[in-house]
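The block underneath contains the structure these notes are about, expressed in C-alpha cells.
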Amino acid sequence: MASVATLDFQVTSRCKQACPACTSLPGASEEVDTQAAAAIVCKVHALGVPRIVFTGGDPLLRPDCGMLLRLARQEKLEAILATPGDVLTAGFLRAHGGWIDQLAFPLDGPNEAVSSKRKHAGHFQTILGHLELLKSYPEIDVKIDIAVTRLNLEMVPELVVLLDRLAPTHPNRFSVDIYQVHPAAQQDADSAGLVVSDEQFA
C-alpha cells in the first residue's frame with residue numbers, strides 16, 4: 001500500500017459531544033479491544049502506510065489511547081490524534097505528548113455563541129485553552145477542523161481571521177481543514193437539514 005499516505009483508525013464512537021450531522025454517532029460501532037487495536041497499528045506499519053490518525057468519537061475516552069500512540073511511534077509511524085478535546089488534560093500531554101506528531105481539534109465558530117450551536121457550552125474556550133497549553137509542546141503540530149454547516153456558514157471567514165491571528169503567536173505548525181458536511185445514512189432529517197449546498201460552500 002505504498003500509495004496510501006494516511007490510514008484513519010476509528011478506535012471508538014464514544015464522545016462527550018453529540019454534534020448534529022456527525023458521521024460517527026455514539027454507539028454506532030463496537031470497539032476493538034487493546035490487543036486487536038495494537039495488532040491493527042502494527043499492521044499499518046507492515047503495509048507501508050507512514051501515518052495513522054487515531055480518531056473517533058473521542059480516542060481519549062479509551063484508557064489505552066496513550067499506549068496506542070506510543071506503539072505507533074515504536075512502529076515508526078507518524079501519529080495524529082483527532083479529538084474533540086473535551087477530556088484532554090495537561091497530565092495526558094506530559095505523559096504522552098512525546099508520541100504525538102499532530103493534534104487535531106474541531107472548532108465550529110469564532111466565538112462561544114456560534115460554537116455552542118453544535119458543541120456543548122464552553123467548548124470554544126476549551127479549545128483556546130488547549131492551544132495555549134500546546135505552546136509548551138512546539139514539536140506537536142496543530143490542525144483545526146472546521147465543519148461547515150448552516151449553523152456556521154456565514155461565520156467561517158471570521159473564524160479563519162481568528163486562526164490567522166492566533167497562529168503566529170504559537171511555535172507549533174498550524175493547518176486548517178475546512179470541509180463541507182455531507183448527509184450520512186444514520187442521521188435524522190433535522191441533522192441532514194444542516195448540510196449546505198455546493199454553491200453555498202463555494
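In what follows, residues are counted from 1 in the order of the sequence shown. Below, each value reflects all heavy atoms present in this structure, side chains not excepted, and no hydrogens, waters or symmetry copies.
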List for me each residue that meets side-chain contact (heavy atoms from CB on, under 4.5 Å) alongside [X], sequence neighbours excluded, and say none if there are none.
{"X": "Ile178", "result": "Ile146, Val148, Val156, Val160, Val176, Phe201"}
{"X": "Asp145", "result": "Ala104, Lys143, Asp177, Tyr179"}
{"X": "Leu133", "result": "Ala90, Leu93"}

About how many Å separate [atom2] of [Y] and [atom1] of [X], when rounded to the nearest 0.5 Å?
{"X": "Met67", "Y": "Gln74", "atom1": "CE", "atom2": "CD", "value": "9.5 Å"}
{"X": "Thr12", "Y": "Glu31", "atom1": "OG1", "atom2": "CD", "value": "3.0 Å"}
{"X": "Gln102", "Y": "Asn172", "atom1": "CD", "atom2": "CG", "value": "10.5 Å"}
{"X": "Phe9", "Y": "Leu77", "atom1": "CZ", "atom2": "CG", "value": "12.0 Å"}
{"X": "Leu61", "Y": "Cys15", "atom1": "CG", "atom2": "SG", "value": "7.0 Å"}
{"X": "Arg118", "Y": "Leu107", "atom1": "CZ", "atom2": "CG", "value": "11.5 Å"}

How about [X] and [Y]: do any of their side-chain heavy atoms sit closer than 4.5 Å?
{"X": "Leu194", "Y": "Val181", "result": "no"}
{"X": "Leu60", "Y": "Leu81", "result": "yes"}
{"X": "Asp198", "Y": "Gln180", "result": "yes"}
{"X": "Lys119", "Y": "Pro106", "result": "yes"}
{"X": "Leu131", "Y": "His170", "result": "yes"}

Give a yes or no on whether the backbone of [Y] and the side-chain of [X] come within a donor-acceptor separation of less than 3.5 Å.
{"X": "Thr89", "Y": "Phe92", "result": "yes"}
{"X": "Asp108", "Y": "Asn152", "result": "no"}
{"X": "Asp8", "Y": "Phe54", "result": "no"}
{"X": "His123", "Y": "Pro84", "result": "yes"}
{"X": "His120", "Y": "Lys16", "result": "yes"}

Under the side-chain hydrogen bond (donor to acceptor under 3.5 Å, both in side chains) rule, collect the residues that match up with [X], sequence neighbours excluded.
{"X": "Glu112", "value": "none"}
{"X": "Asp58", "value": "Thr83"}
{"X": "Thr34", "value": "Asp64"}

Same cluster (ILVMFWY, side-chain, under 4.5 Å), [X] and [Y]:
{"X": "Val161", "Y": "Val114", "answer": "no"}
{"X": "Met155", "Y": "Leu151", "answer": "no"}
{"X": "Ile140", "Y": "Ile80", "answer": "no"}

Of all heavy-atom pairs linking Phe174 and Ala167, the shortest is CG-CB, 3.9 Å
For Gly109 and Leu159, work out which heavy atoms get closest and say how close.
O-CD1, 3.4 Å
Can you give each donor-acceptor pair under 3.5 Å made by side-chain atoms of residues 46-53, sequence neighbours left out, with the distance rounded to 0.1 Å?
{"from": "Arg51", "atom 1": "NE", "to": "Glu78", "atom 2": "OE1", "distance (Å)": "3.2"}
{"from": "Arg51", "atom 1": "NH1", "to": "Ala5", "atom 2": "O", "distance (Å)": "3.4"}
{"from": "Arg51", "atom 1": "NH1", "to": "Thr6", "atom 2": "OG1", "distance (Å)": "2.6"}

What pairs meet the salt bridge (Lys or Arg N to Asp or Glu O under 4.0 Å) rule with one or both residues in [range], with sequence neighbours excluded?
{"range": "residues 82-91", "value": "none"}
{"range": "residues 120-142", "value": "Glu132-Lys135, Asp141-Arg173"}
{"range": "residues 150-161", "value": "none"}

Tell me, please, which residues at least two apart from Asp164 pass salt bridge (Lys or Arg N to Asp or Glu O under 4.0 Å).
none
Run the salt bridge (Lys or Arg N to Asp or Glu O under 4.0 Å) test against Asp101 and tell me which residues pass, sequence neighbours left out.
Arg73
Using the rule given for side chain to side chain contact (heavy atoms under 4.5 Å, CB included), can you reason through Leu71 versus Val41, listing the C-alpha separation, both sets of side-chain angles and the distance that settles it, and then say yes or no?
CA-CA 7 Å; Leu71 176 60; Val41 172; 4.0 Å; yes
Do Gln10 and Thr55 have side-chain atoms, one donor and one acceptor, less than 3.5 Å apart?
no
